[in-house]
Amino acid sequence: MELITSDLLNSAISKLRPFEKKQIFTGLEWLSNNGLLKNLVMIGGCAIATYCPGRELTPDFDLVASDFDLARIIVQLENDDLEYKPLMTNSLIGYQIPIYNVDVIKPGDGNDLINYAFKYCHSVELNSIKVKVIIPELLLIIKLLLGREKDLNDAFRLVESKAVDNDKYNQLLDLLFNDSLNSDYELLKSYSLLLN
């Protein structure tokens, strides 16, 4: 797994309030020290900030976990007597760990592409802790498909940052959407004209 620079993410984190930074780094340490971080992948705003300069962060850290790893995290939280809260949309998608302001999300209905984050990721180092981060090409695809205003803003940030490689993006599209008659495929393919 390729270790990439985390200068942009570290810069974004440095702009958080001191207690917010401490929450994130303490949460990552807790996950790492308990052997829980190695299978998790960073997504969301921190992933965008890894690739895009100037991305302001909300003071939370989003990680995606398999059902198995999410269950391991819950067991460890209960063993350490730490509070956790369900994250809800239309269905349960994960848990928030308030003391660390970390959200651990599992792939679920409508998030099938998130499963590919486990395979298509890089590694970054934050405070001497290695964290996996979703690759920018897959992150762009997911953000475009989510289609909310904030996700589209993030998608265009990714395009502007030149972090997305056009060839990798197109190869990933062909792999993920092997049916070229799929309307999502056609829409996503059209965005490749903006890359590089």
Side-chain angles (χ1 to χ4, degrees), residues 1-52 55-89 91-109 111-136 138-139 142-143 146 150-151 154:
M1 179 175 320
E2 180 184 359
L3 180 65
I4 62 171
T5 181
S6 58
D7 294 344
L8 293 173
L9 178 56
N10 278 316
S11 175
I13 290 173
S14 74
K15 294 174 183 159
L16 295 174
R17 293 180 283 192
F19 78 92
E20 294 168 337
K21 286 187 278 196
K22 184 177 180 184
Q23 277 185 306
I24 288 173
F25 289 131
T26 305
L28 291 176
E29 286 173 17
W30 179 84
L31 288 164
S32 180
N33 292 341
N34 287 293
L36 301 168
L37 188 59
K38 64 184 175 196
N39 295 328
L40 307 181
V41 180
M42 180 184 7
I43 58 171
C46 286
I48 293 291
T50 300
Y51 304 111
C52 301
R55 170 56 153 88
E56 289 187 27
L57 295 179
T58 54
D60 66 332
F61 204 86
D62 299 323
L63 298 162
V64 65
S66 68
D67 286 339
F68 175 76
D69 288 311
L70 187 58
R72 288 181 57 225
I73 291 168
I74 297 305
V75 167
Q76 190 64 51
L77 286 164
E78 290 176 353
N79 287 343
D80 292 351
D81 200 27
L82 295 174
E83 176 189 15
Y84 60 95
K85 298 177 180 178
L87 288 173
M88 305 270 252
T89 56
S91 62
L92 180 69
I93 59 165
Y95 293 95
Q96 179 187 55
I97 308 169
I99 192 170
Y100 303 132
N101 212 357
V102 170
D103 297 339
V104 184
I105 301 156
K106 68 176 188 153
D109 297 337
N111 291 327
D112 295 337
L113 288 176
I114 289 287
N115 281 310
Y116 289 96
F118 300 113
K119 183 175 181 179
Y120 297 102
C121 56
H122 296 302
S123 182
V124 295
E125 198 167 292
L126 297 169
N127 260 17
S128 303
I129 298 172
K130 285 191 178 157
V131 181
K132 292 179 183 176
V133 59
I134 188 172
I135 64 169
L138 181 56
L139 187 55
I142 291 169
K143 290 290 189 176
L146 287 171
K150 70 179 186 172
D151 294 308
D154 283 342

**OP:** Mind running side chain to side chain contact (heavy atoms under 4.5 Å, CB included) on Trp30 and Leu77 for me, showing each step along the way?
**Re:** CA-CA 10 Å; Trp30 179 84; Leu77 286 164; 3.5 Å; yes
For the pair [X] (side chain) and [Y] (backbone), establish whether a donor and an acceptor sit closer than 3.5 Å, ignoring hydrogens and angles.
X	Y	answer
Ser6	Leu9	no
Ser32	Leu37	no
Arg72	Gly35	yes

Could you check whether any side-chain heavy atom of [X] comes within less than 4.5 Å of a side-chain heavy atom of [Y], counting everything from C-beta outward?
X	Y	result
Ile74	Tyr95	yes
Ile43	Ile142	no
Lys119	Leu138	no
Leu126	Asn10	yes
Leu40	Ile73	yes
Val133	Ile4	yes
Asp80	Asn34	yes
Lys85	Ile97	no

Please report the closest heavy-atom contact between [X] and [Y], naming both atoms and the distance.
X	Y	answer
Leu139	Ala47	CD2-CB, 3.8 Å
Asp62	Gly44	OD2-CA, 3.9 Å
Asn115	Phe118	O-CD1, 3.2 Å
Ala49	Leu8	O-CB, 3.2 Å

Original post:
What's the verdict on side chain to side chain contact (heavy atoms under 4.5 Å, CB included) for Val64 and Met42, showing C-alpha distance, side-chain angles and the deciding distance?
Top reply: CA-CA 6 Å; Val64 65; Met42 180 184 7; over 6 Å; no
Subject >> Trace of the side chain to side chain contact (heavy atoms under 4.5 Å, CB included) decision for Leu82 with Tyr100 >> reply: CA-CA 10 Å; Leu82 295 174; Tyr100 303 132; 3.8 Å; yes
**OP:** Give a yes or no on this: more than 12 heavy atoms of other residues, nucleotides or ligands lie within 6.0 Å of atom NZ of Lys21.
**Re:** yes
Original post:
Crowded around Glu56 CD? As in, over 12 foreign heavy atoms under 6.0 Å?
Top reply: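 Counting other residues, nucleotides and ligands, CD of Glu56 stays at 12 neighbours or fewer.
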Between [atom1] of [X] and [atom2] of [Y], what distance do you get to the nearest 0.5 Å?
X	Y	atom1	atom2	value
Gln23	Leu16	CD	CG	10.0 Å
Phe25	Asn127	CZ	CG	4.0 Å
Asp7	Ser11	CG	OG	8.5 Å
Lys150	Lys143	NZ	NZ	6.5 Å
Leu63	Lys132	CG	NZ	11.5 Å
Glu29	Ser128	CD	OG	9.0 Å

Original post:
Under the side chain to side chain contact (heavy atoms under 4.5 Å, CB included) criterion, do Cys46 and Leu57 qualify, and how do the steps go?
Top reply: CA-CA 7 Å; Cys46 286; Leu57 295 179; 4.1 Å; yes
